[in-house]
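Computed from a predicted structure; not experimentally measured.
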Amino acid sequence: MKKHSARVAPLSACNSPVLTLTKVEGEERPREPPGPTEAQAPAGTEAGGRTSRHHWTCSQERLRKVFWGVAVVFCVCASWAGSTQLARLTFKTFDAPFTLTWFATNWNFLFFPLYYAGHVCKSTEKQSVKQRYRECCRFFGDNGLTLKVFFTKAAPFGVLWTLTNYLYLHAIKKINATDVSVLFCCNKSFVFLLSWIVLRDRFMGVRIVAAILAIAGIVMMTYADGFHSHSVIGIALVVGSASMSALYKVLFKLLLGSAKFGEAALFLSILGVFNILFITCIPVILYFTKVEYWNSFDDIPWGNLCGFSILLLTFNIVLNFGIAVTYPTLMSLGIVLSVPVNAVVDHYTSQIVFNGVRVIAIIIIGLGFLLLLLPEEWDVWLIKLLTRLKVRKKEETAESSGDLGTGPQSRSRRARPSFAR
C-alpha cells in the first residue's frame with residue numbers, strides 16, 4: 001500500500017515546452033523557428049492534442065474513481081448489513097453481546113499488519129516494520145507512543161469504541177435490524193452538532209434541518225411501535241451508540257487531528273491491543289456472574305463469531321481507507337443503502353410491520369443523512385449553476401431573435417443575383 005496523504009492533489013494541465021526538440025542523427029538540437037504560415041497549423045494541432053489528452057486523462061481518472069466508488073459502496077453496504085444480520089442470528093444461540101463486542105474488537109490488531117503488507121507490495125521505497133512503525137508513531141507527538149500517550153490519547157477512544165459497538169449489538173436484541181441500522185444513521189447529525197459546539201465548525205442551515213429531521217425520525221420510530229418499553233429501550237440503546245460514535249469522531253479531530261493511512265492503521269491496532277489488555281476482564285466477570293453465560297465452549301457458534309468479526313473488520317477497513325480510491329461521499333452512501341437491504345431481509349425473516357409511521361420515519365432519517373452529505377459550498381455552486389443557466393438562456397433568446405431579424409434580409413440578399421464580375 002502506498003503512503004497517501006489525506007489530501008488529494010488536483011490534476012494540473014501540461015505546460016507547453018519552450019523549444020521543440022527533434023532528433024537528428026542521434027543528437028537533440030533545437031528546431032529552427034517556423035515561418036508565420038507554418039507556425040499556425042502545427043501549433044493549433046499540438047495544443048488541441050494536448051487539451052484532448054488532458055480531458056481524456058481527467059475523464060479516465062473520474063471514471064476510475066466512480067468505478068471504485070461503486071465497488072466501495074457495495075462493499076460498505078454488504079459488510080455493514082451482513083454484520084448486523086449475522087449478529088442478530090448469533091444472538092439466537094449465543095446471548096452475549098459484550099463478549100461478541102470484545103471478540104470482534106480484538107481483530108483490530110490486524111489493521112497495521114495488513115497495512116504494512118500492502119506497503120511492501122505497492123510502495124517503491126520499502127521500509128522495515130520498525131522504520132514504518134516509528135514513522136507512524138510521530139502521529140502521537142515527538143516522543144512517539146509512550147505509556148502516558150497510550151493512556152491519555154488511546155485508552156479513551158478504546159472505551160468509546162467498545163461502548164459504540166456494545167450498545168449497537170445490545171439494541172439488536174431488543175428491536176429489528178432495520179430500525180437499528182436506520183437509527184444509527186443519526187450519528188452523522190450528532191457529529192455535526194458536536195462539531196458546531198465543540199470545534200466551532202461553520203454553521204450551515206441545511207445541516208440544522210438535517211439534525212431536526214433526525215430527531216423527528218427518532219420520535220416517529222418510537223411512536224411506530226406504540227411506545228412499548230421493549231422498543232423504547234432498544235431505540236435508546238441505538239441512539240446511545242450513535243452518540244458514542246459521534247463523540248469518538250469529534251474527540252479524535254479535537255485531540256489528534258487528521259491521520260494518514262499508516263497512522264490510522266496503527267491507531268486502530270492500538271485500540272485492539274488496549275481491548276486485549278484491559279477489556280478482557282469484563283467478559284470473564286460477566287461469565288462467572290452468569291450475566292453472559294454459556295454451558296461449554298462447544299456451544300459457542302464460532303462460525304458466526306468469526307464471520308461477524310471479519311465483516312466488521314472489512315467494513316472498518318473500507319470506511320477508513322476507501323478514500324484512497326474514491327470520493328468520501330460515495331462511501332457514506334453505503335451506510336444509508338444498508339437500510340433497505342436490512343428491510344428486505346427483515347421482511348422475509350422476521351415479523352416486522354412496515355406501517356406508515358415507520359416508513360415515514362425511515363424516509364425522514366434517510367433524507368437528513370443525505371442532506372448532511374452536501375458539501376459546505378453547495379449553495380455557492382447552486383447559485384453559479386443557476387446563473388450560468390440564466391445567462392445561457394438569455395444568449396439563446398438573443399440568438400434566436402437575431403436570427404429572426406436577419407433571416408429575411410439574408411434570404412433576400414441570397415436571392416438577388418450579382419452581376420459583378
Side-chain angles (χ1 to χ4, degrees), residues 71-111 114 161-185 187 230-231 234-235 237-238 240-242 244-245 268 271-272 275 279 283 286-287 292-320 322 331-352 362:
V72 167
V73 167
F74 175 79
C75 191
V76 169
C77 178
S79 59
W80 187 238
S83 62
T84 302
Q85 292 293 334
L86 195 57
R88 178 174 168 271
L89 183 64
T90 303
F91 291 145
K92 293 181 178 180
T93 57
F94 185 72
D95 188 8
F98 195 93
T99 304
L100 181 59
T101 301
W102 169 82
F103 183 81
T105 306
N106 289 338
W107 290 58
N108 280 14
F109 178 77
L110 297 175
F111 268 99
L114 290 174
W161 180 284
T162 302
L163 287 175
T164 300
N165 289 278
Y166 170 68
L167 293 175
Y168 185 87
L169 291 176
H170 196 68
I172 295 176
K173 292 174 52 182
K174 303 291 184 180
I175 55 179
N176 56 75
T178 303
D179 294 351
V180 172
S181 59
V182 72
L183 289 170
F184 190 78
C185 291
N187 77 318
H230 200 70
S231 62
I235 291 172
L237 290 172
V238 184
S241 175
M244 292 298 104
S245 175
L268 292 171
L271 294 186
N275 185 75
I279 307 296
L286 294 176
Y287 175 79
E292 293 186 358
Y293 182 78
W294 54 94
N295 293 326
S296 64
F297 285 95
D298 295 333
D299 297 333
I300 299 176
W302 293 107
N304 290 346
L305 264 67
C306 293
F308 170 78
S309 302
I310 291 172
L311 287 175
L312 193 61
L313 180 66
T314 303
F315 171 78
N316 287 309
I317 288 175
V318 176
L319 205 62
N320 282 279
M331 294 189 298
S332 299
L333 285 176
I335 299 176
V336 72
L337 288 178
S338 66
V339 176
V341 175
N342 283 318
V344 172
V345 176
D346 285 346
H347 177 71
Y348 289 102
T349 59
S350 63
Q351 296 179 353
I352 184 173
I362 292 174

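- Nearest heavy-atom pair across G272 and N106 is O-OD1, 4.3 Å.
- Other residues, nucleotides and ligands contribute over 12 non-hydrogen atoms within 6.0 Å of the CZ atom of F91.
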Side chain to side chain contact (heavy atoms under 4.5 Å, CB included) between I172 and Y168, worked out: CA-CA 7 Å; I172 295 176; Y168 185 87; 3.8 Å; yes

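- Under the side-chain hydrogen bond (donor to acceptor under 3.5 Å, both in side chains) criterion, the residue pairs touching residues 96-105 are T99-E292, W102-T280, with sequence neighbours excluded.
- When each of N165, L167, N187, T162 is checked for a side-chain contact (heavy atoms from CB on, under 4.5 Å) with M244, only L167 meets the rule.
- Checked by atom type and distance alone, the side chain of T178 pairs as donor or acceptor with a backbone atom of N342 at under 3.5 Å.
- Here the OG-CD1 distance, from S181 to I362, works out to 7.5 Å after rounding to the nearest 0.5 Å.
- Ring geometry, W294 versus Y287: the interplanar angle falls from 30° to 60°, so the pair is classed tilted.
- With rounding to the nearest 0.5 Å, the separation of OG1 in T84 from CG in L311 is 9.5 Å.
- Between F103 and P283 the shortest side-chain heavy-atom distance does not fall below 4.5 Å.
- With rounding to the nearest 0.5 Å, the separation of CD1 in I300 from CZ in F94 is 5.0 Å.
- Separating the CG atom in L268 from the CG atom in L114 is a distance of 11.5 Å, to the nearest 0.5 Å.
- Side-chain contact check for N176 and S350: no donor-acceptor pair (N or O, by modelled atom type) lies under 3.5 Å.
- Residues forming a side-chain hydrogen bond (donor to acceptor under 3.5 Å, both in side chains) with N295 (at least two apart in sequence, or on another chain): none.
- To the nearest 0.5 angstrom, F184 atom CZ is 4.0 Å from S245 atom OG.
- Nearest heavy atom pair, residue A81 against residue S338, reads CB-CB, 4.0 Å.
- Here the side chains of D179 and I235 are not in contact, with every heavy-atom distance at 4.5 Å or above.
- Within the 4.5 Å cutoff, the side chain of L337 has heavy atoms near those of the V73 side chain.
- Applying the side-chain hydrogen bond (donor to acceptor under 3.5 Å, both in side chains) test to residues at least two apart or on different chains, none of the pairs has a partner in residues 306-316.
- We find the CG-CG distance between L183 and L237 to be 11.0 Å, quoted to the nearest 0.5 Å.
- The two atoms that bring S83 and F308 nearest to each other are O-CD1, 3.3 Å, heavy atoms only.
- Residues passing the side-chain hydrogen bond (donor to acceptor under 3.5 Å, both in side chains) test with K174, sequence neighbours excluded: none.
- Shown here for P301 and T93, the closest heavy-atom pair between the two residues is CG-OG1, 3.8 Å.
- Of all heavy-atom pairs spanning I175 and S231, the tightest one is CG2-CA, 3.8 Å.
- Partners of F315 by ring pair (Phe, Tyr, Trp, His ring centres under 6.0 Å), not counting sequence neighbours, listed by chain and number: W80.
- Applying the ring pair (Phe, Tyr, Trp, His ring centres under 6.0 Å) rule to F74 yields no partners; only residues at least two apart in sequence or on another chain are considered.
- Across L312 and A104, no two heavy atoms sit closer than the pair CD2-CB, 4.0 Å.
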